[in-house]
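Since the model is a prediction, treat every value here as computed from it, not as a measurement. This chain uses plain numbering: 1 for the first residue, then up along the sequence.
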Amino acid sequence: MIKKVLLAIALICPMLLSAQTLKIGLVNFDAIFQAMPETATADSQLKEVGDKYQAEFNKLNEEMNRLMDEYQKMADNELPAIKERKTRELSDYQQKLQQFEQTAMSDLQRMQNDLYGPIQQKISQAIESVGREANFSLIQMYAPQLTLYHAAPVEDITDAVKAKLGVK
């Protein structure tokens, strides 16, 4: 009987000694991202390019409206060849307008990825660094709208990451 008790203690002790407390951190990535000075620069560059695309789109749209007005003002007794040419012209211009819009959106998305990617990488590295330094077992994104409840040992590390990055 004593051998069984000693064997049980011998098996349980290493498990108890090796057990660690989990240290869990929450980080508000969006708040950090918005606080970064690089984000404001990237936002202004994106706005500038977006405004240029919008101005060009407006010009193309005005031309489309002009062509549409011309077509609608054509007399019912207009020659079929002229009507067909105007219809084709209108259709081609509409495709041109849609293609421009798709290209502009694609360019803006690529530019956004190029500008925001390094910022996001920098934040991720800072989060990882804070996690290592403070011996966190897990760091999760903090989403207040998705979090129902959290308490100790969960710790908000957003300010620590901001400090690591030198932002307020």
Side-chain angles (χ1 to χ4, degrees), residues 24-133 136-150 154-168:
I24 300 171
L26 295 176
V27 65
N28 190 334
F29 196 95
D30 292 337
I32 297 168
F33 186 79
Q34 292 304 317
M36 298 287 289
E38 296 96 323
T39 301
T41 303
D43 286 344
S44 69
Q45 289 175 348
L46 282 169
K47 183 178 178 342
E48 182 180 324
V49 171
D51 289 347
K52 287 180 182 178
Y53 275 130
Q54 186 63 47
E56 184 63 23
F57 182 78
N58 290 343
K59 287 179 190 175
L60 292 172
N61 210 17
E62 286 174 13
E63 179 65 16
M64 177 72 177
N65 290 337
R66 186 189 65 75
L67 291 172
M68 184 69 87
D69 286 344
E70 279 181 19
Y71 181 78
Q72 289 173 346
K73 289 178 183 175
M74 286 175 47
D76 290 337
N77 60 352
E78 190 66 64
L79 296 172
I82 294 174
K83 273 189 171 182
E84 184 181 321
R85 182 183 63 78
K86 285 287 188 185
T87 302
R88 198 174 331 115
E89 185 178 320
L90 196 58
S91 177
D92 290 347
Y93 207 84
Q94 189 174 19
Q95 287 177 352
K96 179 181 177 181
L97 189 64
Q98 289 173 346
Q99 185 178 16
F100 175 78
E101 186 177 24
Q102 289 172 350
T103 302
M105 295 301 278
S106 176
D107 285 351
L108 282 172
Q109 184 65 46
R110 189 173 3 92
M111 186 178 183
Q112 183 178 7
N113 291 341
D114 291 346
L115 291 172
Y116 289 164
I119 301 168
Q120 292 168 336
Q121 183 65 31
K122 187 176 180 180
I123 294 169
S124 294
Q125 289 171 346
I127 291 169
E128 190 175 319
S129 178
V130 168
R132 278 197 196 112
E133 291 169 5
F136 280 93
S137 304
L138 174 71
I139 297 176
Q140 289 185 316
M141 295 282 226
Y142 177 59
Q145 66 278 14
L146 299 177
T147 304
L148 300 175
Y149 174 77
H150 71 83
V154 177
E155 183 180 333
D156 187 348
I157 64 163
T158 302
D159 291 336
V161 174
K162 282 182 177 181
K164 183 76 147 173
L165 291 167
V167 296
K168 294 180 181 181

Inset, instruction - To the nearest 0.5 angstrom, please state how far the CD atom of Q140 sits from the CD1 atom of I157. - result: 11.0 Å

Inset, instruction - Return each pair, listed once, that meets ring pair (Phe, Tyr, Trp, His ring centres under 6.0 Å) where at least one residue sits in residues 59-91; pairs must be two or more places apart or across chains. - result: none

Inset, instruction - Determine whether L90 and M64 make a side-chain contact, defined as any pair of heavy atoms from C-beta on separated by less than 4.5 Å. - result: yes

Inset, instruction - Examine distances only and state if a side-chain atom of S91 and a backbone atom of T87 form a donor-acceptor pair shorter than 3.5 Å. - result: no

Legend entry - Counterpart residues, salt bridge (Lys or Arg N to Asp or Glu O under 4.0 Å), relative to R66 (two or more places apart): E63, E70

Inset, instruction - Say whether Q120 and S124, considering side chains only, have a donor N or O and an acceptor N or O under 3.5 Å apart. - result: no

Between side-chain atoms of residues 35-55 and protein atoms elsewhere (two or more places apart, or another chain), which donor-acceptor pairs fall under 3.5 Å?
{"residue": "E38", "atom": "OE2", "partner": "K122", "partner atom": "NZ", "Å": "2.7"}
{"residue": "T39", "atom": "OG1", "partner": "F33", "partner atom": "O", "Å": "2.6"}
{"residue": "T41", "atom": "OG1", "partner": "P37", "partner atom": "O", "Å": "3.4"}
{"residue": "D43", "atom": "OD1", "partner": "Y116", "partner atom": "OH", "Å": "2.2"}
{"residue": "S44", "atom": "OG", "partner": "T41", "partner atom": "O", "Å": "2.8"}
{"residue": "K47", "atom": "NZ", "partner": "D51", "partner atom": "OD2", "Å": "2.9"}
{"residue": "Y53", "atom": "OH", "partner": "D107", "partner atom": "OD2", "Å": "2.6"}
{"residue": "Q54", "atom": "NE2", "partner": "N58", "partner atom": "OD1", "Å": "3.0"}

Legend entry - Side-chain touch V161/F29, heavy atoms, less than 4.5 angstrom: no

Inset, instruction - Mind checking the CD1-OH spacing from I32 to Y142? Nearest 0.5 Å is all I need. - result: 13.0 Å

Inset, instruction - Would you check if I139 and F136 make a side-chain contact, meaning some heavy-atom pair closer than 4.5 Å? - result: yes

Legend entry - Which residues share a side-chain contact (heavy atoms from CB on, under 4.5 Å) with E84, sequence neighbours left out: R88

Legend entry - Option from Q72, E78, M74 for which side chain to side chain contact (heavy atoms under 4.5 Å, CB included) with K86 holds: M74

Legend entry - Shortest non-hydrogen contact from D156 toward V27: OD1-CA, 4.4 Å

Legend entry - Residues forming a side-chain contact (heavy atoms from CB on, under 4.5 Å) with Q121, sequence neighbours excluded: Q125

Legend entry - OG1-CG distance between T158 and D30, expressed to the nearest 0.5 angstrom: 10.0 Å

Inset, instruction - Could you name each residue pair satisfying side chain to side chain donor-acceptor pair (under 3.5 Å) that touches residues 93-102, not counting sequence neighbours? - result: none

Legend entry - Gap separating the CD atom of Q34 from the CD1 atom of I119, nearest 0.5 angstrom: 9.5 Å

